[in-house]
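What follows is a single structure, written as structure tokens, with notes after it.
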Amino acid sequence: MDMDRQADEVWILSIQRKLYQWSQANPDDQWRDMWGWLTDIRTLRCAWRRVSSNRGARTAGIDRMTVGSIRAKRGESRFLEGLQAELRSGVYRPSPSKRVLIPKAGKPGQFRPLGIPTIKDRVVQGAVKILLEPVFEAQFWHVSYGFRPGRNSHGALEYLRRTTLPQKRDKDTRRSRLPYPWVIEGDIKSCFDQISHHLLMKRLRARVGDRRVIRLVGRFLKAGVLAEDQFLRTDNGTPQGGIVSPLLSNIVLSAIEERYERWTYHRTKLYARRKSDGVTAARHTRISDRKIGRCVFLPVRYADDFILLVSGTKEEAEAERTALADYLRESTGLELSPEKTKITALVDGFDFLGFHLGAYWNERFGFGTRVQIPKAKVADLRHRIKQLTKRNTTLVRLGEKLREINSILRGWAYYYRYCAYAFDVFTSIDWYVGDRIWRWLRYKRPKAAVHEILASRRPSQFRRTRKVWQDGPIEQFVLAWTPVCRYRLAWMETPAFATSSGEPDA
């Protein structure tokens, strides 16, 4: 089985590399023959492995079938052979997704609709994504970071920090002129629910000429959802929860970057003698336009959240906000939220992807930009820890309570460890967590003496000079021991299909 799996993955990787290289070389052409690869049993097996290894494998769609039940009743081979026969005979039809409401973090009373497709539909969507992703990944621009292989939110924030950092120094050696003094914080109303199917399929047909693949994607979009035993049509949007939905939303939202092609990425060379690539040429254009006083706009997008940097005046930023809203309405069918799409001065700072970024003045060096942990996020974490250590939560053992708290602290520390002054914030939270556990133990053992409770505070297994709360092998997670540094853009990985077979890491 391992040999079969490796053989499948090698074959899939060769197909993806072929599609990626073709897409790079032919940015305005269509790939017209994809159905044979899509319905190949090797593609379906790779898609099945990705679906079955996901945590959602235990979640059933409207047919109440999970990965485990399929393995027990039919077996993987029979299931995939039957699915292949359905696809090739043309009888396959996607089922409606089961809609569930997920509470929004930090927003009591608000929910996010999530569509759960059947396992069969997830496998087919996974196969579609395997083939479409390299075609469009070759065309996505470097300022897009969300739902793309090898890219993450930390990369988007580091790119913003480096782009907004002043480069030129004045005669007093200080940086006093910000390249982008204004920021437009983009907020799209119900992005995933409002995407126009017609405009999405139009952009999809521009790169994929296989009608059977296009027809299959269209059926997924029109499959509908089942909410509380009531069928709801989906005339717009890509249901959240589908495997192919993030890719489809990126295809539509890439229209934001295309509007600012002059300052973002030059797809074609105006002069053949120039040797620079599209990114370098766009950077030179931004520099020259700022010198002559022309307003420059530079977008940075993570899925449906985006920031538009503005080098001009606030009036020019307001005019561009209105023009961008009209452009999005015409090209994607989406609406900008007038209340939430704010224009902010860089010196005042703005929140993006759960971080706070802004420009700060230093008497010695001038302006500098840094990414910090928002105070609201620290307050939310403290509140969450407090709720877990109240008087009514003392029925569990200390080890179970530590395990519950540690899972929260570990994820929080790894997400914010690239921020400025993260160590100071981590240290303050460590003190607060230790104090809350002390109070929790006093609630749990009201008649115990102080020295009896402090017996659970022993030298750490990782640093013997530091005492932490312990229960057997489980001990308190210390945030301050998390390595803190600045994120580097070079850490973002290149997808395997984007490297040629002759390169060392291919």
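As the structure is a prediction and not an experimental result, all values here were calculated from the model.
Heavy atoms of other residues, nucleotides or ligands lying less than 6.0 angstrom from NZ of Lys444 number more than 12. In Arg267, the CZ atom is crowded: over 12 heavy atoms of neighbouring residues, nucleotides or ligands sit closer than 6.0 Å. Within a 6.0 Å sphere centred on CZ of Arg162, other residues, nucleotides and ligands contribute 12 heavy atoms or fewer. No more than 12 heavy atoms of other residues, nucleotides or ligands lie within 6.0 Å of CD in Glu493, so this atom counts as exposed by the packing criterion. Within a 6.0 Å sphere centred on CZ of Arg488, heavy atoms belonging to other residues, nucleotides or ligands number 12 at most.
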Query raised in the report: Ile116 and Arg122: side-chain contact (heavy atoms from CB on, under 4.5 Å), yes or no, with the steps?
Result: CA-CA 9 Å; Ile116 303 177; Arg122 284 181 236 176; 3.6 Å; yes

Requested in this report: Go through Asn236 and Asp193 one step at a time and tell me if the side-chain contact (heavy atoms from CB on, under 4.5 Å) criterion holds.
Outcome: CA-CA 6 Å; Asn236 291 300; Asp193 297 330; over 6 Å; no

**Report entry** Ser249 and Ile195: CA distance, side-chain angles, deciding distance, side-chain contact (heavy atoms from CB on, under 4.5 Å) verdict
**Finding:** CA-CA 8 Å; Ser249 63; Ile195 290 176; 4.0 Å; yes

Query raised in the report: What's the verdict on salt bridge (charged side-chain N to carboxylate O under 4.0 Å, His left out) for Asp289 and Arg286, showing C-alpha distance, side-chain angles and the deciding distance?
Result: CA-CA 5 Å; Asp289 284 355; Arg286 296 197 299 267; over 6 Å; no

Query raised in the report: Can you check side-chain contact (heavy atoms from CB on, under 4.5 Å) on Arg294 and Arg262, steps first, answer last?
Result: CA-CA 12 Å; Arg294 178 180 293 173; Arg262 174 181 177 84; 2.6 Å; yes

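Leu309 has its side chain within reach of Val183: a pair of non-hydrogen atoms, C-beta onward, lies under 4.5 Å apart. Within the 4.5 Å cutoff, side-chain heavy atoms of Leu336 are placed close to those of Leu324. In this structure, the side chains of Leu248 and Val217 come closer than 4.5 Å at one or more pairs of heavy atoms. Within the 4.5 Å cutoff, the side chain of Val310 has no heavy atoms near those of the Ile343 side chain. Using a 4.5 Å heavy-atom threshold, the side chains of Leu226 and Lys98 count as separate. In this structure, the side chains of Ile243 and Asn54 stay at 4.5 Å or more apart for every pair of heavy atoms. In this structure, the side chains of Phe306 and Leu253 stay at 4.5 Å or more apart for every pair of heavy atoms. A heavy-atom distance below 4.5 Å is found between the side chains of Phe426 and Trp412.
Salt-bridge annotation for Arg148 and Glu137: present, with a side-chain N of the basic residue lying under 4.0 Å from a carboxylate O of the acidic one. Looking at Glu185 and Lys340, no side-chain N of the basic residue comes within less than 4.0 Å of a carboxylate O on the acidic one, giving no salt bridge. Ionic pairing of Glu320 and Arg259 is present here: one or more N-O contacts between side-chain nitrogen and carboxylate oxygen are shorter than 4.0 angstrom.
Using a 3.5 Å distance cut-off with no hydrogens or angles, the side chains of Arg175 and Asn362 do not pair a donor with an acceptor. Residues Asp277 and Thr280 have side chains that bring a donor and an acceptor to within less than 3.5 angstrom of each other. Remark: the Arg203 side chain and the Ser254 side chain contain an N/O donor-acceptor pair separated by less than 3.5 Å.
Rounded to the nearest 0.5 Å, atoms CZ (Arg370) and CZ (Arg486) are 10.5 Å apart. To the nearest 0.5 angstrom, Trp182 atom CH2 is 8.5 Å from Glu318 atom CD. Rounding to the nearest 0.5 Å gives a distance of 12.5 Å between CZ of Phe147 and CZ of Phe140. Distance check: Arg403 CZ to Arg397 CZ gives 9.5 Å after rounding to the nearest 0.5 Å. A distance of 9.5 Å separates CD1 in Ile307 from CG in Leu157, rounded to the nearest 0.5 Å. The distance from atom CG of Leu204 to atom CG of Leu199, rounded to the nearest 0.5 Å, is 12.5 Å.
Looking only at distances, a side-chain donor or acceptor of Lys401 sits under 3.5 Å from a matching main-chain atom of Leu388. For the pair Arg384 (side chain) and Ile408 (backbone), a donor-acceptor distance under 3.5 Å is absent. Side chain of Thr341 to main chain of Pro338: no donor-acceptor pair is present (N/O by atom type, distance under 3.5 Å, no hydrogens or angles). For Asp430 (side chain) and Leu479 (main-chain N/O), a donor-acceptor pair under 3.5 Å exists by modelled atom type. In this structure, the side chain of Ser456 does not engage the main chain of Trp469 through any donor-acceptor pair within 3.5 Å. The closest donor-acceptor contact from the side chain of Gln167 to the backbone of Leu165 lies under 3.5 Å. Side chain of Arg464 to backbone of Ser460: a donor-acceptor contact under 3.5 angstrom is found. Between the side chain of Glu257 and the main chain of Trp141, no donor-acceptor pair closer than 3.5 Å is present. Although no hydrogens or angles enter the test, the distance criterion places no donor-acceptor pair under 3.5 Å between the side chain of Arg99 and the main chain of Val225. Although no hydrogens or angles enter the test, the distance criterion places no donor-acceptor pair under 3.5 Å between the side chain of Asp471 and the main chain of Glu400.
The aromatic rings of Phe355 and Tyr415 sit tilted relative to each other, their planes meeting at an angle between 30° and 60°. The aromatic rings of Phe462 and Trp481 stand perpendicular to each other, their planes meeting at an angle above 60°, with 30° marking the opposite boundary. Aromatic ring pairs are classed by plane angle as parallel below 30°, tilted from 30° to 60° and perpendicular above 60°; the pair Trp491 and Tyr418 is tilted. Relative ring orientation between Phe297 and Trp263 is described as perpendicular, the plane-to-plane angle rising above 60° on a 0-90° scale split at 30° and 60°.
Annotation for Asn250 and Gly146: closest pair ND2-O, 2.8 Å, computed over non-hydrogen atoms. Of all heavy-atom pairs spanning Pro166 and Arg177, the tightest one is CB-O, 3.4 Å. Considering all non-hydrogen atoms of both residues, Cys46 and Ile130 come closest at CB-CD1, 4.1 Å. Here the closest heavy-atom approach between residue Trp438 and residue Leu454 is recorded as CZ3-CD2, 3.8 Å. Nearest heavy-atom pair across Leu489 and Gly155 is CD2-O, 3.4 Å. Shown here for Tyr416 and Pro374, the closest heavy-atom pair between the two residues is CE2-CD, 4.3 Å.
Aromatic rings of Phe365 and Tyr360 (six-membered ring for Trp) have centroids beyond the 6.0 Å cut-off, not under it.
Only one option out of Val371, Leu357, Asp305 pairs with Phe352 in a side-chain contact (heavy atoms from CB on, under 4.5 Å); it is Asp305.
With Tyr180 as the aromatic partner, Arg290 meets the cation-pi criteria of under 6.0 angstrom to the ring centre and within 45 degrees of the ring axis.
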